[in-house]
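Below is one structure; the comments refer to it alone.
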Amino acid sequence: TGMRVGIHDLAFATTHQVLDLRTLAEHQGIDVNKYYIGIGQTEMSVPCADEDIVTMGAEAAAQIVARLRAEQQAEDGQAFDGIRTLLFATESGVDQSKSAGVFVHSLLGLGEHCRVVELKQACYSATAALQFALGIVARDESEKVLVIASDVARYALDSSGEPTQGAAAVAFLVTADPALIEIEPVSGLHTDDIDDFWRPNHLSTALVDGKYSLAAYLRALEGAWTEYRSRGGVDFEAIDRFCYHQPFTKMAVKAHDKLSALVGSPLDKDQRRAQVAASLELNRRTGNSYTASIYVGLLSLLERDDADLAGRRIGFFSYGSGSVSEFFTGVVRPGYRDVLRTAADERALDDRTAIDHARYRALHEGIDAAQGSDYETAAETPGPFRFAGVSAQVRRYARTA
Ligand code: CAA
């Protein structure tokens, strides 16, 4: 069919505290430029004691649902029936059985006639959610699918991954005739059973083979790109901007250099940078947000690129360790800027409370200390939703306003 399907609305949230990587570098006695320049990260978002993937995911999705309610003149207090599927992508899940999406469904007052499920495959699963959503809408163009990707990236204190922690969420609405970006049908896939990054059930922090994970990411890019081309995907020159999974922003730069070399692109270094630069700005300040990261990158690109991107094609490379990856493209819709919340997204970063090194470590250690018992969290977050604690072994969430 000739129907366009894609992303109609895209919203962002992060935690309400931040650690400047200068603080970490000073504590470690190293040159901060290893972080600012070497890995391309300046800050990382740190959750308050009462924030997690659910509170971030709900804060992102609430913006989309509020806009839909206003458009459909649905009343605030009443259940909202406009969304019949909610897909929650994460690799930092809060329960082994119940989907984090069910908590969000309740916090947002969505109607009971809705399927809600959580998806996991490291940082890749938001792209799986996008593909599943496109299928649902292609079958029935009246459907609206809400996708949430939300993660807290945690490595052990004093490990090599520590500076690449972070946290953020995106929510996006997949519909027919989308206002932001039409996703094109061709994609290239690559799966390989490897141990580059993983998190065993008994650990709250991820394990990683750092240098190997970089090589694995680049090899997967080549594999996914090659299949993308063999299935009739457009050539490199027909793609105007690129949006990569960003465990740290320098990784996207390395990936784009690799792909450019692979296709023998004549573009010089500055021209190549210009194809990815705007996509790095939000991630540089949130840190890794795993599943959300590539879509935080898309939002950053749409908000921060000076050029009018309407009608331009964006190439996406989504990578999830372990590993599963996909290359696909989308074309930006006319009028896309009217859909964005650029000032609010910048405020979400600027308004975070800076924390010192001792507080950061205490919060990091506090997560493990809390496992397994009932407890109440300290009321810290200024955000609209909070994780109130665990009672009778059940996680409790609340609206703050
Ligand atoms: N000024 C400027 N640059 C400096 C510098 C200074 N003073 N000091 C060091 N650098 C540069 C280095 O030259 C290096 O750059 P290049 O790679 O371009 O040569 C960069 O800073 C990093 O330095 P090191 O390689 O020495 O850093 P490290 O050994 O501490 O490890 C890391 C870096 C492997 C990325 C580590 O942070 C890590 O393990 N991170 C977690 C794993 C990860 O993010 N992997 C990415 C692929 S897997 C994936 O994508 C899934 C996912 O989300 C995790």
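First listed ligand is number 1; within each ligand, the first listed atom is number 1.
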Would you check if the distance from the ring center of F328 to the ring center of Y228 is below 6.0 Å? no

Of all the heavy atoms in K254, does at least one lie under 4.0 Å from an atom in ligand 1? yes

Any idea which part of N33 is under 4.0 Å from ligand 1, heavy-atom wise: side chain, backbone, both or neither? both

Is there at least one protein heavy-atom neighbour under 4.0 Å from atom 33 (C) of ligand 1? no

Any N or O of D31 that comes nearer than 3.5 Å to an N or O of ligand 1? yes

Shortest protein heavy-atom distance from atom 31 (O) of ligand 1, along with the residue and atom involved: K211 NZ, 4.4 Å

What protein heavy atom lies closest to atom 15 (O) of ligand 1? Include the residue and the distance to one decimal. G38 O, 4.0 Å

Would you please determine whether Y35 falls within less than 4.0 Å of ligand 1 on a heavy-atom basis? no

Taking atom 54 (C) of ligand 1 as the reference point, the nearest protein heavy atom with its distance: Y155 OH, 3.3 Å

Could you tell me whether the side chains of S391 and D374 share a donor-acceptor contact shorter than 3.5 Å? no

For A169 and S150, the nearest pair of non-hydrogen atoms, with its separation, is CB-OG, 3.5 Å

Distance under 6.0 Å and angle within 45° of the ring axis: does R395 meet both against F387? yes

Measure the distance from atom 22 (C) of ligand 1 to every protein heavy atom, then report the residue, atom name and distance (to 0.1 Å) of the closest one. I39 CG2, 3.9 Å

Of the side chain and backbone of S160, name the one, both, or neither that has a heavy atom under 4.0 Å from an atom of ligand 1. both

As an exercise, identify every atom of ligand 1 less than 4.0 angstrom from a heavy atom of G210. 34 (C), 39 (O)

Top protein contact for atom 42 (C) of ligand 1, by heavy-atom distance: V208 CG2, 3.5 Å

Do me a favour and list the nearest non-hydrogen protein atom to atom 53 (O) of ligand 1 with residue, atom name and distance? H245 NE2, 2.9 Å

Any N or O on Y290 sitting closer than 3.5 Å to an N or O of ligand 1? no

re atom 9 (C) of ligand 1, the protein heavy-atom contact at minimum distance is K34 CG, 3.5 Å

Polar contacts were defined as any N/O atom of the residue lying under 3.5 Å from an N/O atom of the ligand; does this apply to N288 and ligand 1? yes

Would you check, one step at a time, whether the test ring-ring contact (aromatic ring centres under 6.0 Å, His included) holds for F316 with F327? CA-CA 6 Å; F316 296 86; F327 192 95; 8.4 Å; no

Contact bool for atom 49 (C) of ligand 1 (protein heavy atom, d < 4.0 Å): yes

For T164, take its heavy atoms, then give the atoms of ligand 1 lying under 4.0 Å from any of them. 37 (O), 40 (N), 41 (C)

Cationic N near anionic O, under 4.0 Å, E75 to R69: no

Applying the ring pair (Phe, Tyr, Trp, His ring centres under 6.0 Å) test to F197, which of Y290, Y217, Y212 qualifies? Y290

Only one of W225, F236, F317 passes ring pair (Phe, Tyr, Trp, His ring centres under 6.0 Å) with H256; say which it is. F236

So that I can tick it off, tell me whether E43 and R352 are bridged by a salt bridge, with the cut-off set at under 4.0 angstrom between side-chain N and carboxylate O. yes

N-O pairing of E51 and R386 below 4.0 Å: no

Any chance you could lay out the side-chain contact (heavy atoms from CB on, under 4.5 Å) test for V32 and E26, step after step, and finish with the verdict? CA-CA 7 Å; V32 69; E26 277 168 4; over 6 Å; no

Salt-bridge present (E281, R304; N to O < 4.0 Å): yes

Which of the listed options, A252, P247, S293, holds the heavy atom that is closest to atom 44 (O) of ligand 1? P247

Quick one: does atom 13 (O) of ligand 1 have a protein heavy atom under 4.0 Å from it? no

Would you find more than 12 non-hydrogen atoms of other residues, nucleotides or ligands less than 6.0 Å from K258 atom NZ? yes

Which of the atoms in ligand 1, numbered in the order shown and given with their element, are less than 4.0 Å from a heavy-atom of S321? 48 (S), 49 (C), 51 (C)

Hey, can you tell me if H357 and H27 have their rings parallel, tilted or perpendicular (30° and 60° cut-offs)? parallel

When distances are taken from atom 47 (C) of ligand 1, the protein heavy atom at minimum range is S213 OG, 3.3 Å

Between C123 and ligand 1, which part of the residue brings a heavy atom under 4.0 Å of the ligand: side chain, backbone, both or neither? side chain

Element-labelled atoms of ligand 1 that are located less than 4.0 Å from some non-hydrogen atom of F197: 54 (C)

